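Shown next, in structure tokens, is the structure this report addresses.
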Number of protein chains: 2
Amino acid sequence: MTHGMDPHRLLVFREIAHAGSIAGAARALGWTQPAVSQHLRHLERRAGMALVLRLPRGVRLTEAGRLLLGHADAVAARLQAAADDLDALAQLREGTVRLAAFPSASATVVPAAMDLLLRRHPGVDVRLREAEPPEASDLLAAGEADLAVTFAHAGQEPDDHPGLVRTPVGEDPLLLVLPRSHPQAVPGDRPVDLRSLAADGWIAGCERCAAGLRRACEEAGFVPDVRHGTDDYVVTQALIARGLGVGLLPRLALDAFTAPGVAVRPVPGLRPRTLYLTHPRETDQIPAVRAAVQALRDVLAPRVRAAGDPDHG
Amino acid sequence: MTHGMDPHRLLVFREIAHAGSIAGAARALGWTQPAVSQHLRHLERRAGMALVLRLPRGVRLTEAGRLLLGHADAVAARLQAAADDLDALAQLREGTVRLAAFPSASATVVPAAMDLLLRRHPGVDVRLREAEPPEASDLLAAGEADLAVTFAHAGQEPDDHPGLVRTPVGEDPLLLVLPRSHPQAVPGDRPVDLRSLAADGWIAGCERCAAGLRRACEEAGFVPDVRHGTDDYVVTQALIARGLGVGLLPRLALDAFTAPGVAVRPVPGLRPRTLYLTHPRETDQIPAVRAAVQALRDVLAPRVRAAGDPDHG
DNA sequence: ACGACATCCAAGGAATACTTATGGCATGAC
DNA sequence: GTCATGCCATAAGTATTCCTTGGATGTCGT
């Protein structure tokens with residue numbers, strides 16, 4: 001009454017119609033005959049009319065039965081199609097992953113992972129949106145992305161939205177970038193002590209990224225003189241190459257692009273930023289997302305140090 | 001796995017999607033929240049992936065969920081359509097009745113009943129096929145007719161197919177038909193004794209119908225001299241009008257047609273034929289058939305004597 | 001006439017569905 | 001900060017539905 005017919009009984013009726021008899025339907029279903037008989041009885045009671053004529057050799061559909069059979073076939077087809085669709089998603093013949101990643105990852109590991117994912121599962125539709133971690137988190141929370149590659153500098157606690165899960169997948173060291181003409185830019189890739197740069201001008205970006213620099217300098221015993229502001233690693237290096245300052249850039253950014261006029265040096269004791277995969281709690285139950293996670297891990301593994309990841313214990 | 005998704009759970013999922021939350025679906029269904037939650041859980045386990053994301057204010061569908069919702073909507077629409085179709089049959093806005101009836105009924109009471117039925121239920125599709133009782137029985141058994149008007153002469157037991165139900169609906173008296181020039185055809189509609197016709201020539205038809213005549217003559221103490229054979233009451237009367245014999249015809253046949261050149265007289269003690277409605281056992285559970293039965297009874301009631309019909313007790 | 005087959009009915013046991021009870025988590029008001 | 005509200009999950013118990021068992025009837029074919 002509330003809805004239409006009982007779909008389960010409708011499918012049993014379909015078996016009856018297909019088998020041509022109640023007993024035949026029971027055999028097809030692996031049931032006993034009265035079980036099917038009772039389903040038919042309930043259907044007929046609800047319909048208020050006979051759906052089949054009981055003949056000595058089986059049953060014949062009435063007009064109402066023929067009508068119902070058409071609908072039953074359509075329902076069965078839909079149920080099968082639903083199962084098939086889910087199966088296609090499970091086997092990754094179909095499916096969509098919407099990635100979000102910060103710029104230096106979007107220019108390096110993420111395209112490599114997308115390529116790997118597409119090689120493994122050509123049917124998957126991968127889409128990337130470049131976004132800094134806070135924005136990526138927003139995208140995830142708003143349902144506009146399924147999986148994000150994010151990072152946090154040492155000592156920073158990313159303020160993810162509730163319901164998001166963050167898994168560390170590696171560490172990305174910060175490297176000192178100097179003009180080639182800088183006194184510390186001696187050949188040999190020798191480590192540089194930050195204290196030797198207390199008098200230099202610095203280039204830093206947004207609060208989130210500048211915090212890493214300030215913390216490192218604080219530990220080295222000075223306050224950096226930040227003269228220029230940008231998050232763009234190409235802009236940063238253009239300024240540095242012209243001798244307008246020095247800066248810290250993560251290795252991924254330098255992998256993406258290193259300006260000819262700069263020198264890169266490690267800084268002992270400088271804590272790396274941590275890379276994370278972030279996603280809504282349930283999306284790791286989605287095959288396409290799981291495959292994307294795997295591809296990202298496979299690409300990241302040789303490039304970044306493992307960072308307290310239990311899966312890699 | 002054997003079939004597609006569980007349709008019942010699919011409909012519950014549809015409620016979740018529509019309500020936007022599990023608790024909302026539970027309210028809509030008049031259930032408690034865990035009931036719905038468990039259905040969703042089972043669906044997700046069978047699907048092997050998350051169908052919804054659990055957010056603080058409710059749920060959001062995943063790609064798989066959106067896919068499934070489309071199928072769920074289609075299934076629900078079909079179930080509703082099935083219920084609507086059956087409802088149309090139950091309310092006789094639609095439906096088919098295939099009648100079979102012997103000639104004299106097909107020319108008299110049956111068209112009247114069809115007219116009555118169509119007046120009451122314009123949406124019903126009534127179809128008539130003229131057939132003598134044995135053929136009508138075959139049609140019913142073969143599923144080519146839903147309801148038959150049949151008859152049997154006194155003392156005859158119709159050999160209906162198994163599974164057919166026969167209900168007496170009235171009696172149709174046999175009347176003597178004479179040439180107007182016949183000595184017994186005196187005016188006044190006076191009853192005629194069969195014995196006075198022992199020397200006449202007779203007209204009779206098939207074995208089934210001739211048996212009624214022979215039995216009546218046997219009871220009157222003679223064997224009729226059957227000179228001409230036809231079941232057609234027009235042919236019969238044409239022969240009689242020309243003085244080529246006498247015959248017995250049922251009142252329905254004479255209602256359909258009485259030749260100008262014949263006289264009709266009652267014969268005391270002549271037993272009438274019984275009229276029946278015959279149909280497969282379950283077809284009286286079909287609204288259109290039931291309505292046809294009612295229309296036939298309503299038309300027959302004033303025209304034929306009730307014949308041991310329990311419904312008319 | 002008997003066995004094979006298809007049906008229905010009635011009653012009991014088993015699987016499933018729903019409820020109750022409880023806890024976690026996020027949001028918004030005081 | 002704390003409390004109230006709303007959403008969801010889990011676990012265990014009850015209830016209902018479902019299917020089986022064990023009859024009996026009726027028709028067909030040997």
Side-chain angles (χ1 to χ4, degrees), chain A residues 6-13 15-46 50-62 65 137 140-142 159-166 280-282 285, chain B residues 6-13 15-46 50-62 65 137 140-142 159-166 280-282 285:
Chain A
D6 180 329
H8 187 225
R9 298 216 160 99
L10 206 56
L11 294 181
V12 173
F13 175 74
E15 289 292 333
I16 296 173
H18 185 256
S21 72
I22 295 178
R27 281 190 296 271
L29 290 165
W31 294 351
T32 58
Q33 176 269 322
V36 179
S37 185
Q38 289 174 66
H39 277 293
L40 176 59
R41 179 174 158 71
H42 284 134
L43 261 187
E44 288 186 318
R45 247 181 52 165
R46 190 192 202 306
L51 298 175
V52 304
L53 303 184
R54 276 76 168 171
L55 304 177
R57 305 191 162 279
V59 300
R60 175 171 33 235
L61 300 192
T62 64
S137 190
L140 292 174
D159 54 339
D160 282 340
H161 293 248
L164 296 186
V165 174
R166 210 177 65 239
R281 201 185 308 106
E282 294 91 347
Q285 299 297 324
Chain B
D6 179 329
H8 188 223
R9 297 215 161 99
L10 205 57
L11 294 181
V12 174
F13 175 75
E15 288 292 333
I16 296 173
H18 187 256
S21 72
I22 295 178
R27 281 190 296 271
L29 291 165
W31 293 353
T32 57
Q33 172 264 320
V36 179
S37 185
Q38 290 172 58
H39 277 291
L40 176 58
R41 189 232 258 294
H42 285 134
L43 260 188
E44 288 186 321
R45 224 167 43 144
R46 168 158 294 182
L51 298 176
V52 304
L53 303 183
R54 276 75 169 173
L55 304 176
R57 305 191 161 279
V59 299
R60 173 168 38 232
L61 300 192
T62 64
S137 190
L140 291 174
D159 56 339
D160 282 339
H161 293 250
L164 296 186
V165 174
R166 210 177 65 240
R281 201 186 309 105
E282 294 90 347
Q285 299 298 324

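Small disclaimer: the values here were computed from a predicted structure and weren't measured. A note on names: the letters A, B, ... follow the listed sequences, proteins ahead of strands, and every chain is numbered from 1.
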| task | Could you pull out the closest heavy-atom pair between B/A25 and B/V36, with the gap in Å? | result | CB-CG1, 4.1 Å

| query | Minimum heavy-atom separation for B/A50 to A/E282, with atom names? | reply | CB-O, 3.8 Å

| task | Would you kindly give the CG-to-P distance between A/L53 and C/dT7, to the nearest whole Å? | result | 12 Å

| query | Rounded to the Å, how far apart are A/R60 CZ and C/dA6 P? | reply | 16 Å

| Around atom NE2 of A/H18, are there more than 12 heavy atoms of other residues, nucleotides or ligands at under 6.0 Å? | no

| note | chain A reaches DNA chain D, atoms under 4.0 Å from its heavy atoms, from D/dC18 to D/dG29

Would you say the side chain of [Y] lies within less than 4.5 Å of the side chain of [X], judging by non-hydrogen atoms?
X     : Y     : result
A/V12 : A/L40 : no
A/H8  : B/H8  : no
B/W31 : B/E15 : no
B/E44 : B/V52 : yes

| request: Look at the side chain of A/S21 and the backbone N and O of A/V59, then say whether any donor-acceptor pair between them is shorter than 3.5 Å. | output: no

| query | Looking at A/R54, does any N or O in its side chain come under 4.0 Å of the phosphate oxygens OP1/OP2 on C/dC8? | reply | yes

| request: Encode nucleotides 15-30 of chain C as B, S and - characters from 5' to 3', where the letter depends on protein heavy atoms closer than 4.0 Å: B to the base, S only to sugar-phosphate, - to neither. | output: --SBBBB----SSS--

